[in-house]
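Each chain gets a letter, A, B and so on, in the order its sequence line appears, and its residues count up from 1. All values reported here derive from a predicted model rather than from experimental measurement.
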Amino acid sequence: MKYSELFCPTLREVPSEAETASHQLLLRAGYIRKATAGVYSYLPLANRVLKKVMNIVREEMDRAGGQEVIMPIIQPRELWEQSGRWSVYGDEMFRLTDRHNRGFALGPTHEEIITALVDGDVHSYRDMPLLLYQIQNKYRDEIRPRFGLMRGREFIMKDLYSFDVDNEALEISYRKMYEAYNRIFQRLNLDYRVVEADSGAIGGNESHEFMVLADTGESEIVYCTHCDYAANVEKAVCMLTSEPMTEDMLSLEKINTPGQRTIQDMVEFAGIVPSQQCKTLMYMADDKLIAVLVRGDRELNEIKLKNILGCQNLYMADEHTVREVCGASFGSLGPVGMPVEIYADLEIANLRNFTCGANEDDFHYINVNPGRDFKPRLEADLRNAVAGDACPVCKNRLEMILGIEVGHIFKLGTKYSSAMGATFLDQNGQELPMVMGCYGIGVSRTMAAAVEQKHDDNGIIWPMPIAPFQVIVVPVNANKEDQMVVAEQIYTELQAEGIEVLLDDRDERAGVKFKDADLIGIPVRITIGPKALQDNQVEVKKRWEDEVNRVNIDQVVNAVLTIIRA
RNA sequence: CGGGAUGUGGCUCAGCUUGGUAGAGCGCUUGGUUCGGGACCAAGAGGCCGCAGGUUCAAAUCCUGUCAUCCCGACCA
């Protein structure tokens, strides 16, 4: 491809709307343009990258036994009512109405459609396992679309659904996908980690996320410094490693603390460290008010709480209700004399003589002791993991890192097949619901994540497997015929080797061409300039290194092939 | 949904306080000079100042409404 013919409008300045590296660079380098909040056009370079990502995904899905299909974006309301998600999915689903006033959704995911599809035509254990996937646009009306492609309202996703006869067979499908996903991210050449994850609203029990590591990641991951354990903080098990404190119990005392509401307030007011305080959070769990305790230096993990309670809806209680029941406002609450059930994090029981609100504005208790002064209904792991915690597998130190969730695999079980009546007959003629799994990869997000992870001040640094072009050939001066002749020759030879080459034939100054080449992130640059040309040489430069190598013209193709295959 | 900010040529922004009918840089077009890290000179094209009302002799500027975009938050006391 000749650069002069390429639609690649690069921007010299950073568009004011972009904050993160991937958003800025994809805009500046002419990969994407915004149509409206969270919705983008993909320009030719982006399209090339996306196709490469898709092809790698496709190859690995096919290799694992998947069959590609295309399912509708517009989905009928009835299917979503059957699964129960029409009412559950909420504002995040784009909904529309046709001229007959019938309801539809723009598919945020495809469990309903595919379950209905398979239900119609799969009736026997002989037809399974069945692995179907598609690569397609998905629609989610995000509260706040953010960071360009990272959190869009329209995005490209690969989703595969597995249908099996029982849990054992599902396990095989799940393992296949787990391995396929690892191959995919290895082939994409991205630094990533697989973590244990919560399966969330989509249902099911086992779940893993594939995270591309990047400083701007939205997900916090803890990983063990010694073994393979890694998990999303939402999921990470917090071992109780602290020993129970042994100091003597002092007598409970109520102290006047005018205007002191937060943990930090009490640190400053009374010099009590956060780990000797108790945070009291009030939640409504399916209309029942409860109190939840975590140490003052910890954060409550709502997902763990919800899982332990087994409730449908969990949200923090409003201050009004709390005042009515407890007699105090947020910030002055505590377990002593708490009129509702108390759920405490494991660490609370180990504390002695801690401080908490007195359920009376402007008063706190000091020297509070679990067991003596209050009794929780339940003690459980309810907090978020932090760096320095002990690995639940090998007890070594956990570290924390940020990642971008690009893949997520779930065991769904029979949630959808039961709800929607997708059953089959087994060998014994018994009717059973199919056992399902679902497996997603955010394709457009993967492109953004790659930029987020691999860029420098000058622009994008594409990993070779997904670069829009592998090589860019830059004659320093397009008006010098000797340079252009060599450039065209190298361009042709590389193409003959099946290499994707961009020839920058524009009549621009060298600086402009170098800037653009760096910005759009082509991995290998071949520069044809007057100095090297005198020695029958050209310059070869890798985007991720500063070093420039001179290579004889007749050896350029080999040199490039070596780099590409490395 | 709550809070904050911003909407002025393709991009980045100035002008708004103190109303008088629009500017700069980049980009674009033409000509010339240049030519190894975003050149220079000259001449051009391009905007009813987000939209709708209102105040006024007069509105980018003041008032009201509305839409859009971005940021922070959306319940960790």
Nucleotide forming a Watson-Crick or wobble pair with [N], both distances under 3.5 Å:
{"N": "B/rG2", "result": "B/rC72"}
{"N": "B/rA24", "result": "B/rU12"}
{"N": "B/rU18", "result": "none"}
{"N": "B/rA59", "result": "none"}
{"N": "B/rU33", "result": "B/rA39"}

Checklist entry - For RNA chain B, whose closest nucleotide is more 5', that of A/F330 or that of A/T10? => result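 Its nearest nucleotide being more 5', the pick is A/T10.
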
Would you indicate what [X] reaches in the nucleic acid, counting non-hydrogen atoms under 4.0 angstrom: base, sugar-phosphate, or nothing?
{"X": "A/V14", "result": "sugar-phosphate"}
{"X": "A/P9", "result": "nothing"}
{"X": "A/Q264", "result": "nothing"}
{"X": "A/D516", "result": "base"}
{"X": "A/R525", "result": "base"}

In whole angstrom, give me the gap between the [atom1] atoms of [N] and [M].
{"N": "B/rA58", "M": "B/rG25", "atom1": "C1'", "value": "31 Å"}
{"N": "B/rU61", "M": "B/rG23", "atom1": "C1'", "value": "15 Å"}
{"N": "B/rA24", "M": "B/rA43", "atom1": "P", "value": "13 Å"}
{"N": "B/rC13", "M": "B/rU29", "atom1": "C1'", "value": "23 Å"}
{"N": "B/rG20", "M": "B/rU66", "atom1": "C1'", "value": "28 Å"}
{"N": "B/rG19", "M": "B/rA59", "atom1": "P", "value": "13 Å"}
{"N": "B/rA22", "M": "B/rG38", "atom1": "C1'", "value": "29 Å"}
{"N": "B/rC16", "M": "B/rC11", "atom1": "P", "value": "23 Å"}

Measuring only between side-chain heavy atoms, which start at C-beta, is [X] closer than 4.5 Å to [Y]?
{"X": "A/Y42", "Y": "A/M447", "result": "yes"}
{"X": "A/M484", "Y": "A/D505", "result": "yes"}
{"X": "A/L27", "Y": "A/R33", "result": "yes"}
{"X": "A/D362", "Y": "A/Q260", "result": "no"}

[X] has an atom [atom1]; how far is it from atom [atom2] of [N], in whole Å?
{"X": "A/R509", "N": "B/rU34", "atom1": "CZ", "atom2": "C1'", "answer": "6 Å"}
{"X": "A/E92", "N": "B/rC1", "atom1": "CD", "atom2": "C1'", "answer": "14 Å"}
{"X": "A/R146", "N": "B/rU69", "atom1": "CZ", "atom2": "P", "answer": "15 Å"}
{"X": "A/K513", "N": "B/rG37", "atom1": "NZ", "atom2": "P", "answer": "13 Å"}
{"X": "A/K515", "N": "B/rG36", "atom1": "NZ", "atom2": "P", "answer": "16 Å"}
{"X": "A/I32", "N": "B/rC11", "atom1": "CD1", "atom2": "C1'", "answer": "15 Å"}
{"X": "A/L300", "N": "B/rC75", "atom1": "CG", "atom2": "P", "answer": "12 Å"}
{"X": "A/I143", "N": "B/rC70", "atom1": "CD1", "atom2": "C1'", "answer": "17 Å"}

Is a donor-acceptor contact shorter than 3.5 angstrom present between the side chain of [X] and the base of [N]?
{"X": "A/E13", "N": "B/rG25", "answer": "yes"}
{"X": "A/D518", "N": "B/rG37", "answer": "yes"}
{"X": "A/E539", "N": "B/rG36", "answer": "yes"}
{"X": "A/R28", "N": "B/rG38", "answer": "yes"}

Checklist entry - Relative to the ring of A/F354, is the ring of A/F374 parallel (under 30°), tilted (30 to 60°) or perpendicular (over 60°)? => result perpendicular

Given [N], is OP1 or OP2 found less than 4.0 Å from the side-chain N or O atoms of [X]?
{"X": "A/K279", "N": "B/rA77", "value": "yes"}
{"X": "A/T527", "N": "B/rG36", "value": "no"}
{"X": "A/T36", "N": "B/rU69", "value": "yes"}
{"X": "A/R144", "N": "B/rC71", "value": "yes"}
{"X": "A/R12", "N": "B/rC11", "value": "no"}
{"X": "A/K34", "N": "B/rC70", "value": "yes"}
{"X": "A/T262", "N": "B/rA77", "value": "no"}

Item to check | Candidates A/F469, A/W544, A/Y31 - the one meeting ring-ring contact (aromatic ring centres under 6.0 Å, His included) with A/W462 | outcome: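 For A/W462, the ring-ring contact (aromatic ring centres under 6.0 Å, His included) check succeeds only for A/Y31.
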
Checklist entry - What's the verdict on salt bridge (charged side-chain N to carboxylate O under 4.0 Å, His left out) for A/D381 and A/K304, showing C-alpha distance, side-chain angles and the deciding distance? => result CA-CA 7 Å; A/D381 168 19; A/K304 288 180 182 175; 3.1 Å; yes

Checklist entry - Is the NZ or CZ atom of A/R445 positioned over A/F155's six-membered ring, under 6.0 angstrom from the centre and within 45° of the axis? => result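 That pair does not qualify as a cation-pi contact.
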
Checklist entry - When you measure from the side chain of A/N477, which nucleotide among B/rG37, B/rA77, B/rC35 comes out closest? => result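 Among B/rG37, B/rA77, B/rC35, the one nearest the side chain of A/N477 is B/rC35.
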
